[in-house]
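So the structure is just underneath, and the comments pick up after that.
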Amino acid sequence: MDPFWQSLYQPYFQNKKVLLCVTGSIAAVKSLELCRTLLKLGAQVRVVLTDSALQFVTPLSFETFTGTHCFTNLWENTHGTKHIDLARWPDLVLIAPATANTIAKLAHGFADDLLSTELLAYTGPLFIAPAMNPSMWSHPATQANAATLTVRGASLIGPAEGDTACGEFGAGRMLEVKELIEVLAARIALPRTKGTALITLGPTRSSYDPVRYLTNRSSGKMGAAMAFALDRAGYEVHVVSGPCDVPLPHLSCVTRVSTAEEMLLECRKVFKGASVLIAAAAVLDYRFQETRGEKAKRADASLSVTLAPSIDVLFELNRERTDQQKTILGFAAETNDWLAHAAQKLKKKGCDAVFVNPVGGDTGAFDADDNEGWLLLQGGQPEKRFERTTKAALADEIVRSLGL
Ligand code: CTP
């Protein structure tokens with residue numbers, strides 16, 4: 001598992017009690033990885049297997065991961081109320097994979113095994129990841145049963161379209177584990193009622209010719225961490241991203257741009273309605289004055305190019321702010337004299353706060369999963385120091401410090 005991805009999703013699942021119910025589909029083999037991933041994300045996991053699931057996976061496999069008993073039988077070691085105890089324990093129940101039979105039983109209230117009995121007694125959030133042959137999924141009976149469960153408040157995750165184990169193509173595949181976790185995280189987060197947060201992230205580019213361009217070392221990871229922190233804090237997240245490849249919250253709206261000028265253009269479309277702006281992008285300060293239409297050829301002589309200043313996205317947006325924008329945060333990437341440079345930037349850009357992080361050297365912020373720095377606020381308050389930690393944890397601390 002990619003450690004950066006893990007650090008972004010851990011806060012959604014840390015200490016969450018997840019009852020993972022596995023039913024009889026070949027996709028049950030994915031549920032082992034799902035169980036392991038949930039554990040790595042900090043969840044407490046208990047597992048229930050149906051009789052049919054036992055045809056595909058064994059309790060021992062899950063017990064090896066969870067270190068706890070895997071439940072399979074309504075009558076084992078019974079003292080009468082095991083199904084009720086199991087139903088009261090979790091913060092959420094995830095049925096993955098969920099077969100057509102299990103979906104039908106739940107829709108009609110059957111209680112003839114541990115899973116169905118326990119779910120009749122369960123009143124919390126229920127997530128269902130169907131997995132079956134595409135014709136079984138599209139059958140009116142299955143569709144009606146799934147609709148019944150949705151109306152009752154259950155949340156369906158998938159199925160995805162693709163090749164199924166039976167050799168047919170269509171909707172019926174259980175989502176891959178990573179994708180399933182990403183959707184689940186989006187559904188268990190707080191409702192997004194605090195308004196829109198606009199986040200710029202990544203580098204920008206300026207083209208010299210169709211082959212070469214100028215850019216910088218920004219990975220976009222700090223901006224991505226801010227996007228996740230704001231998603232968790234209850235904001236609708238809108239990202240304007242320069243060219244980079246970072247995970248972003250499942251429900252965020254993402255616009256991809258290349259140049260500083262495009263970034264400003266796209267930000268303007270969202271900024272008016274946004275209550276928060278986080279300018280985490282490492283925007284190029286210069287662009288090629290002229291871009292060639294054809295590839296420039298090598299010559300045995302030195303080459304001079306003219307760079308013109310590019311637009312300052314943060315400065316321009318800050319000038320256009322109204323009462324709607326409650327908080328505007330800029331980032332400063334500095335190799336030296338961090339606090340002095342950051343104080344100048346705070347003054348020059350006019351935003352509410354600047355987070356300054358050291359770049360360059362072995363422990364610089366570029367492309368790292370960890371970061372550190374200082375938060376400077378307008379109004380002459382002393383700067384706040386943030387010790388080195390994951391960018392995900394740091395973003396949460398910044399969001400808290402700004403009262404977002
Ligand atoms: N920024 C911007 N547009 C630019 C340059 C910077 O929006 N053309 C924003 C960045 O997103 C960041 C803040 O301004 O929030 C500071 O960026 P930084 O690159 O550290 O500072 P510069 O203003 O570019 O100054 P310098 O490169 O001289 O340090």
Side-chain angles (χ1 to χ4, degrees), residues 197-207 213-227 229-230 238-244 246 255-271 274 276-289 307-321 325 327-361 364-367 371-378 383 386 391 394-395 398-399 402 404:
L198 170 61
I199 297 148
T200 70
L201 61 85
T204 61
R205 285 181 186 170
S206 172
S207 290
Y213 56 79
L214 186 68
T215 190
N216 61 52
R217 290 182 53 202
S218 169
S219 62
K221 284 183 174 176
M222 192 61 220
M226 290 302 298
L230 288 160
H238 194 121
V239 172
V240 178
S241 169
C244 63
V246 279
T255 312
R256 309 246 170 221
V257 297
S258 181
T259 66
E261 288 68 26
E262 287 165 13
M263 185 168 271
L264 178 59
L265 207 73
E266 291 304 324
C267 282
R268 277 193 174 128
K269 293 182 187 165
V270 183
F271 183 65
V276 174
L277 168 66
I278 309 290
V283 185
L284 283 184
D285 291 322
Y286 291 95
R287 58 181 173 80
F288 289 107
Q289 187 150 298
L307 299 178
S310 53
I311 204 111
D312 189 324
V313 179
L314 173 57
F315 181 78
E316 294 300 327
L317 291 176
N318 197 64
R319 275 205 320 189
E320 295 164 22
R321 81 186 286 179
Q325 287 78 45
T327 306
I328 298 187
L329 169 71
F331 275 77
E334 306 291 349
T335 55
N336 56 291
D337 301 321
W338 306 287
L339 293 177
H341 286 310
Q344 278 166 14
K345 262 171 209 170
L346 189 60
K347 201 166 159 208
K348 191 172 120 199
K349 311 247 175 186
C351 50
D352 303 306
V354 164
F355 186 84
V356 55
N357 44 205
V359 292
F366 280 144
D367 205 27
N371 199 5
E372 63 187 302
W374 296 265
L375 185 68
L376 282 75
L377 299 170
Q378 288 287 4
E383 71 277 354
F386 292 74
K391 285 183 174 171
L394 191 69
I398 295 173
V399 163
L402 293 172
L404 296 173

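Computation of the quantities below employed the complete heavy-atom set of this structure, encompassing side-chain atoms and omitting hydrogens, waters and symmetry-equivalent molecules. Atoms within each ligand, like the ligands themselves, are counted from 1 in listed order.
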Are the side chain of Thr215 and the backbone of Thr204 linked by a donor-acceptor contact shorter than 3.5 Å? yes

Please indicate whether any nitrogen or oxygen in Ile311 is less than 3.5 Å from any nitrogen or oxygen in ligand 1. yes

protein heavy-atom neighbour closest to atom 15 (O) of ligand 1 works out as Ala279 O, 2.6 Å

Looking at side-chain heavy atoms only, is the closest gap between Leu377 and Asp352 below 4.5 Å? no

Out of Phe331, Phe315, Tyr286, whose heavy atom is nearest to atom 17 (O) of ligand 1? Phe331

What do you reckon, does Ala280 have a nitrogen or oxygen under 3.5 Å from a nitrogen or oxygen of ligand 1? no

Atom 7 (O) of ligand 1: closest protein heavy atom, distance to 0.1 Å, is Leu314 N, 2.7 Å

So Lys349 and Val354, do their side chains get closer than 4.5 Å, heavy atoms only? no

Specify the closest pair of heavy atoms between Leu346 and Gln378, including all atoms of both residues, with the distance to one decimal. O-NE2, 3.0 Å

Tell me the protein heavy atom at minimum distance from atom 11 (O) of ligand 1, and give that distance in Å. Ala281 O, 2.6 Å

Mark the output for Val354 as yes if a heavy-atom distance to ligand 1 is under 4.0 Å, and as no if none is. no

Among non-hydrogen protein atoms, atom 4 (C) of ligand 1 lies closest to Val283 CB, 3.4 Å

In terms of the angle between their ring planes, are Phe386 and Phe355 parallel, tilted or perpendicular, with boundaries placed at 30° and 60°? perpendicular

Check side chain to side chain contact (heavy atoms under 4.5 Å, CB included) between Gln325 and all other residues, then give those that pass, not counting sequence neighbours. Phe271, Arg321, Thr322, Ile328

Would you name the heavy atoms of Gly223 and Ile199 that are closest together and state the gap between them? O-CG2, 3.8 Å

Looking at atom 5 (C) of ligand 1, what's its closest protein heavy atom, distance included? Asp285 OD1, 3.4 Å

Would you check whether Val313 has a nitrogen or oxygen atom less than 3.5 angstrom from a nitrogen or oxygen atom of ligand 1? yes

Give the numbers and elements of all ligand 1 atoms closer than 4.0 Å to a heavy atom of Leu284. 8 (N)

Looking only at protein heavy atoms, what sits closest to atom 18 (P) of ligand 1 is Lys345 NZ, 3.5 Å

Looking only at distances, can you tell me whether any N or O atom of Ala332, backbone or side chain, sits closer than 3.5 Å to an N or O atom of ligand 1? no

Within a strict 4.5 Å, meaning less than it, do heavy atoms of the Leu402 and Leu375 side chains meet? yes

With a cutoff of 4.0 Å, is Ala260 in contact with ligand 1, counting heavy atoms of the residue only? no

Atom 2 (C) of ligand 1: closest protein heavy atom, distance to 0.1 Å, is Asp312 OD1, 3.2 Å

Checking a contact table here: which protein heavy atom is nearest atom 23 (O) of ligand 1, and how many Å away? Lys349 NZ, 2.6 Å

Polar contact flag for Gly330 and ligand 1 (N/O pairs, less than 3.5 Å): no

Determine yes or no for a side-chain-to-main-chain donor-acceptor pair under 3.5 angstrom, with Ser310 supplying the side chain and Leu284 the backbone. yes

Tested for side-chain contact (heavy atoms from CB on, under 4.5 Å) against Lys221, the lone hit among Asn371, Val246, Leu201 is Val246

pair Ile278-Phe331: side-chain heavy atoms closer than 4.5 Å: yes

